[in-house]
*Asks:* 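Starting off with a structure, shown below.
Scope of the values below: all heavy atoms of this structure, side chains included, with no hydrogens, waters or symmetry mates. All figures in this text were calculated on a predicted structure; none of them were measured in a lab.
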Amino acid sequence: MAPIDPHSFTESTHPLATHISLSLFFDFPSSTIHASALLTLPAPHSGPLSLDARALTVHSVLDPQSSAPLPFSLSSPDPIKGCHLTVSLSNHSSFLIVYSTSPSSSALQWLSPPQTFNKTLPFVYTQCQAIHARSVFPCQDTPAARVRYAAKLNVPRQLSAVMSARHVDRRDPIAGEGAALFSADALWCAEGRVVEEFVMEQPIPPYLFAFAVGELGFREVGPRTRVYSEAVPAVLESAATEFASTEDMIRQGEALFGPYEWERFDLLVLPPSFPYGGMENPRMTFLTPTVLKGDSSGAQVVAHELAHSWTGNLITNKTNEHFWLNEGFTTYAERRIVEAVQGEDRAALNIGIGWRGLNKEMERFKDNLEVTKLKTNQEGVDPDDVYSEVPYEKGFQFLWRIERQVGRPAFDEFLKKYIATFKFQSIDTDTFLDFLKANLPGIEKEVDLILWTEGTGIPPDAYEPVSSIYSKIVSMANEFKLGRMPREDEVADWQGQEWELYLENLPKSIEASQILELNSRFRLSESKDYEVKVAFLLLAIASKCKEHYVEVEKTLKAVGRKKYLVPLYSALVEGGTGKEEEKILAKRVFAEARDTYHPIAQGVIETILSKHI
């Protein structure tokens, strides 16, 4: 008996479910879902079967043929993994679990009407990566366990639903189909309810399960793409404009990596509390509204999520210890798509910002070097607490190093073969390295594969990008140390990425007076691009430029994206003496803003504050 994943109770000797059929009844007033999950195994099984669950109330486990109860037990919760649900089977190839979620489900954010754009109807959405699917339905919640699913969502009629699955029907509830959940049909078939049906016919890891339910609208932006958001014309129009090049990007992705296997590539712009930039849920990518920048640069986040359609969704890391296989590959693929659609300079800026980010992460984790490896040991570690740019940027640098060694044509051929060989599989680092050595013979003599995957820090043969625009911006940032501000004509055509790179390269020890002057010239604190605004506010905090603390507070209350929350809260509370005012500010703002954040973001910020306050 051995778990196959440090973050799951799934046992290596137990069969993996091949299909899950879900019936979900959304009860908005109580922020709960009353549900049933029918799990199908590849063959009849006798004995215990281990599943993951978190904050679920399991009402019963039944034989689906006879409705006879099956024995089960639910352990007390582990702080990282949640509860171990053990079901006792006797030659069963399927079993039905009847359960309810809890308002504290770590995957779900329930938004009351005042927290939505239109302020009239509620909204709920999921974020299941890394290990939160188990708080929506009992499952073998490891990326090693790929599964197909079908779902019936019973929701109020004035709302609609989207999923990481194919939409089959929107129809009236049918008497009897909610029988496992409710003794009578009265609730399932109540006046004003509607059922949305979905099916996912391709096997996906559980973290890619996703839905959103609310007052949704959409715009067509391409033959395979709709943009969805809350039904607010201004948001829909700006999203349609920002993501107009999506079909071009899909075609570039296909040219680089082979056929797009998921049929549709729809996009959902979520409310501001969404904790990530994007989440690559198949067929329906979830996006933060902070990517709507008005200059099409937000499309780079879409390029990243699109690239996951091949690396991450088609080929998946077996456990979170090999997360770089998802994110390093996808960051490489994203930059190839950006280069093809937006040009080499744009890709070089993207790489340059990533290089600065990687160096900052090395500083952040100088006391926890394990996290700076590509192949990590995460036994007893919450993956949300060690989420960083390392698997993205160090993973990218590793693949870029191999590309430079063998040349782009040979590497492109290797990539296509890699994707075709392992599609719809979950693999680990060693499997990748074996395939690499078999298909690019002698590569291990030219590139130190062990140093790159198992070593800490940044290897000496990593590479800072070279491009005229990148070099110019970095040298202008260096001139700031000598007191020289950029001239208006030098920055007239700068977009958000140029400013972001400039600010990231400014010295940390900068005077408050210089911050004020920089802002009076260029109004960076008012930027609509949060990458620019947050980079500027971090400098303001570092220099104790208190005039900008009001804007820091406004930002922390306006967005829930961890990429901005984590550095801003960290900057306020890290460091010893002389930070009392900043710590009081952080504590007060978090107390006031906490309920607007997704549970994943709440947990990460609580960890930061408890460490420093």
*Asks:* Please walk me through it: do Thr18 and Val147 pass side-chain contact (heavy atoms from CB on, under 4.5 Å)?
*Replies:* CA-CA 5 Å; Thr18 54; Val147 68; 5.7 Å; no
*Asks:* Does anything in residues 109-135 form a ring pair (Phe, Tyr, Trp, His ring centres under 6.0 Å)? List the pairs, not counting sequence neighbours.
*Replies:* Phe28-Trp110, Tyr125-Phe274, Tyr125-His598
*Asks:* Could you check Asn313 against Ile204 for side-chain contact (heavy atoms from CB on, under 4.5 Å), going step by step and ending with a plain yes or no?
*Replies:* CA-CA 7 Å; Asn313 297 6; Ile204 60 163; over 6 Å; no
*Asks:* Would you kindly say whether Tyr207 and Asn281 are connected by a side-chain donor-acceptor distance under 3.5 Å?
*Replies:* no
*Asks:* Side chains of Gln115 and Thr596 only: does a donor on one sit below 3.5 Å from an acceptor on the other?
*Replies:* no
*Asks:* State the OG-CG distance between Ser60 and Leu96, to the nearest 0.5 angstrom.
*Replies:* 7.0 Å
*Asks:* What's the separation between atom CZ in Arg54 and atom SG in Cys83, rounded to the nearest 0.5 Å?
*Replies:* 9.0 Å
*Asks:* Salt bridge between Arg171 and Glu196, side-chain N to carboxylate O under 4.0 Å?
*Replies:*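 Looking at Arg171 and Glu196, the cut-off is not met.
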*Asks:* Side chains of Gln602 and Ser106, heavy atoms from C-beta outward: is any pair under 4.5 Å?
*Replies:* no
*Asks:* Over 60° means perpendicular and under 30° means parallel, so classify the ring planes of Tyr387 and Phe323, tilted if in between.
*Replies:* tilted
*Asks:* Determine, stepwise, if the pair Phe137 / Phe209 fulfils ring pair (Phe, Tyr, Trp, His ring centres under 6.0 Å).
*Replies:* CA-CA 10 Å; Phe137 59 103; Phe209 175 87; 4.7 Å; yes
*Asks:* Tell me yes or no: between the side chains of Asp63 and His92, is some donor less than 3.5 Å from an acceptor?
*Replies:*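 His92 and Asp63 do have a side-chain donor-acceptor pair below 3.5 Å.
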*Asks:* For Ala55 versus Ser102, what's the shortest heavy-atom pair and its separation?
*Replies:*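 What the structure gives for the nearest pair is O-CB, 3.1 Å.
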*Asks:* Look up atom OG in Ser426 and atom NZ in Lys318, then write down how far apart they are to the nearest 0.5 Å.
*Replies:*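 If we round to the nearest 0.5 Å, Ser426:OG and Lys318:NZ are 8.0 Å apart.
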*Asks:* Could you tell me which non-hydrogen atom of Val155 sits nearest to which non-hydrogen atom of Phe26, and how far apart they are?
*Replies:*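 For Val155 versus Phe26, the nearest heavy atoms are CG1-CD1, 3.7 Å.
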*Asks:* Output the distance between atom NE2 (His308) and atom CG (Leu208), rounded to the nearest 0.5 Å.
*Replies:* 9.0 Å
*Asks:* Using a 4.5 Å cut-off on heavy atoms from C-beta on, say whether the side chain of Pro103 contacts that of Thr32.
*Replies:*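 The answer is yes; the side chains approach within 4.5 Å.
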*Asks:* Within a strict 4.5 Å, meaning less than it, do heavy atoms of the Tyr569 and Leu556 side chains meet?
*Replies:*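 Yes, their side chains come closer than 4.5 Å.
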*Asks:* Do Gln109 and Tyr597 have side-chain N/O donor and acceptor atoms under 3.5 Å apart?
*Replies:*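 There is no such pair between these side chains.
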*Asks:* For atom NZ of Lys611, is the number of surrounding heavy atoms from other residues, nucleotides or ligands below 6.0 Å larger than 12?
*Replies:*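 No - once you tally the heavy atoms of other residues, nucleotides and ligands closer than 6.0 Å, there are 12 at most.
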*Asks:* Given Leu153 and Phe211, is the side-chain contact (heavy atoms from CB on, under 4.5 Å) satisfied, shown in steps?
*Replies:* CA-CA 9 Å; Leu153 280 60; Phe211 61 69; 4.2 Å; yes
*Asks:* Can you name the closest pair of heavy atoms from Ser23 and Trp188 and give their distance?
*Replies:* CB-CH2, 4.1 Å
*Asks:* Does a salt bridge link Arg283 with Glu263, judged by any charged N lying under 4.0 Å from a carboxylate O?
*Replies:* yes
*Asks:* Do Thr86 and Leu49 come within less than 4.5 Å of each other through their side chains, counting heavy atoms only?
*Replies:*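 The answer is no, as the side chains (C-beta and beyond) never meet within the 4.5 Å cut-off.
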*Asks:* For residues Leu16 and Thr10, determine if any side-chain heavy atom of one lies less than 4.5 Å from a side-chain heavy atom of the other.
*Replies:* yes
*Asks:* Taking the six-membered ring of Tyr276, is the NZ or CZ of Lys563 close enough (under 6.0 Å from the centre) and on axis enough (within 45°)?
*Replies:*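 Ring-cation test returns no.
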*Asks:* Determine whether Leu108 and Ile33 satisfy the following criterion, side-chain contact (heavy atoms from CB on, under 4.5 Å), listing intermediate values before the conclusion.
*Replies:* CA-CA 10 Å; Leu108 295 169; Ile33 300 171; 4.0 Å; yes
*Asks:* Got a sec, which pairs hit salt bridge (Lys or Arg N to Asp or Glu O under 4.0 Å) with one end in residues 139-159, sequence neighbours left out?
*Replies:* Arg134-Asp141, Arg157-Asp172
*Asks:* Once you round to the nearest 0.5 Å, how far does CG of Asp595 lie from CG of Leu111?
*Replies:*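 Rounded to the nearest 0.5 Å, the CG-CG separation comes out at 11.5 Å.
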*Asks:* Please indicate whether Lys557 has more than 12 foreign heavy atoms, meaning atoms of other residues, nucleotides or ligands, lying under 6.0 Å from its NZ.
*Replies:* yes
*Asks:* Check whether any side-chain N or O of Glu215 sits under 3.5 Å from a backbone N or O of Leu159 as a donor-acceptor pair, and report yes or no.
*Replies:* no
*Asks:* Hey, are Arg166 and Glu201 close enough for a salt bridge, meaning a charged N less than 4.0 Å from a carboxylate O?
*Replies:*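 Counted as a salt bridge, because a side-chain N and a carboxylate O are separated by less than 4.0 Å.
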*Asks:* Under a plain distance cut-off of 3.5 Å, with no hydrogens placed, do His84 and Ser50 share a side-chain donor-acceptor pair?
*Replies:* yes
*Asks:* Measure centre to centre between the rings of Phe198 and Tyr149, then say whether the value is under 6.0 Å.
*Replies:*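 That pair fails the under 6.0 Å test.
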*Asks:* Identify the two heavy atoms, one from Val61 and one from Phe95, that lie closest to each other, and give their separation to 0.1 Å.
*Replies:*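 Nearest heavy atoms, Val61 then Phe95: CG1-CD1, 4.1 Å.
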*Asks:* Donor-acceptor check, side chain of Thr116 to backbone of Ser112, threshold 3.5 angstrom: yes or no?
*Replies:* no
*Asks:* Looking only at side chains, do His14 and Gln140 share a donor and an acceptor under 3.5 Å apart?
*Replies:*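 Not at all, the side chains of His14 and Gln140 share no donor-acceptor pair under 3.5 Å.
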*Asks:* I want to check something: taking the side chain as every heavy atom from C-beta on, are Phe218 and Glu220 in contact at a cut-off of under 4.5 Å?
*Replies:* yes
*Asks:* Would you check if the distance from the ring center of Tyr392 to the ring center of His304 is below 6.0 Å?
*Replies:*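 Aromatic pair counts; centres sit under 6.0 Å.
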*Asks:* Ring centroid separation for Phe265 and Trp310, is it under 6.0 angstrom?
*Replies:*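 Judged by ring-centre distance (under 6.0 Å), Phe265 and Trp310 do not meet the cut-off.
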*Asks:* Closest heavy-atom contact between Met200 and Ser164?
*Replies:* CE-O, 3.2 Å
*Asks:* Can you see whether Ser8 engages Thr142 through a side-chain donor-acceptor pair at a distance of less than 3.5 angstrom?
*Replies:* no
*Asks:* Could you tell me whether Arg594 and Glu606 have a side-chain N and a carboxylate O separated by less than 4.0 Å?
*Replies:* yes
*Asks:* Less than 4.5 Å apart, side chain to side chain, heavy atoms only: is that true for Val534 and Thr555?
*Replies:*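 Val534 reaches Thr555 side chain to side chain.
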*Asks:* So, Thr319 versus His7: side-chain donor-acceptor pair below 3.5 Å or not?
*Replies:*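 Short answer, no.
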*Asks:* Between Gln378 and Pro383, is there a side-chain heavy-atom distance shorter than 4.5 Å?
*Replies:*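 Yes, at least one pair of side-chain atoms sits under 4.5 Å.
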*Asks:* Can a salt bridge be assigned to the pair Arg226 and Asp266 using a cut-off of 4.0 Å between side-chain N and carboxylate O?
*Replies:* no
*Asks:* What's the shortest heavy-atom distance between Asn118 and Glu230, and which atoms?
*Replies:* N-OE1, 4.0 Å
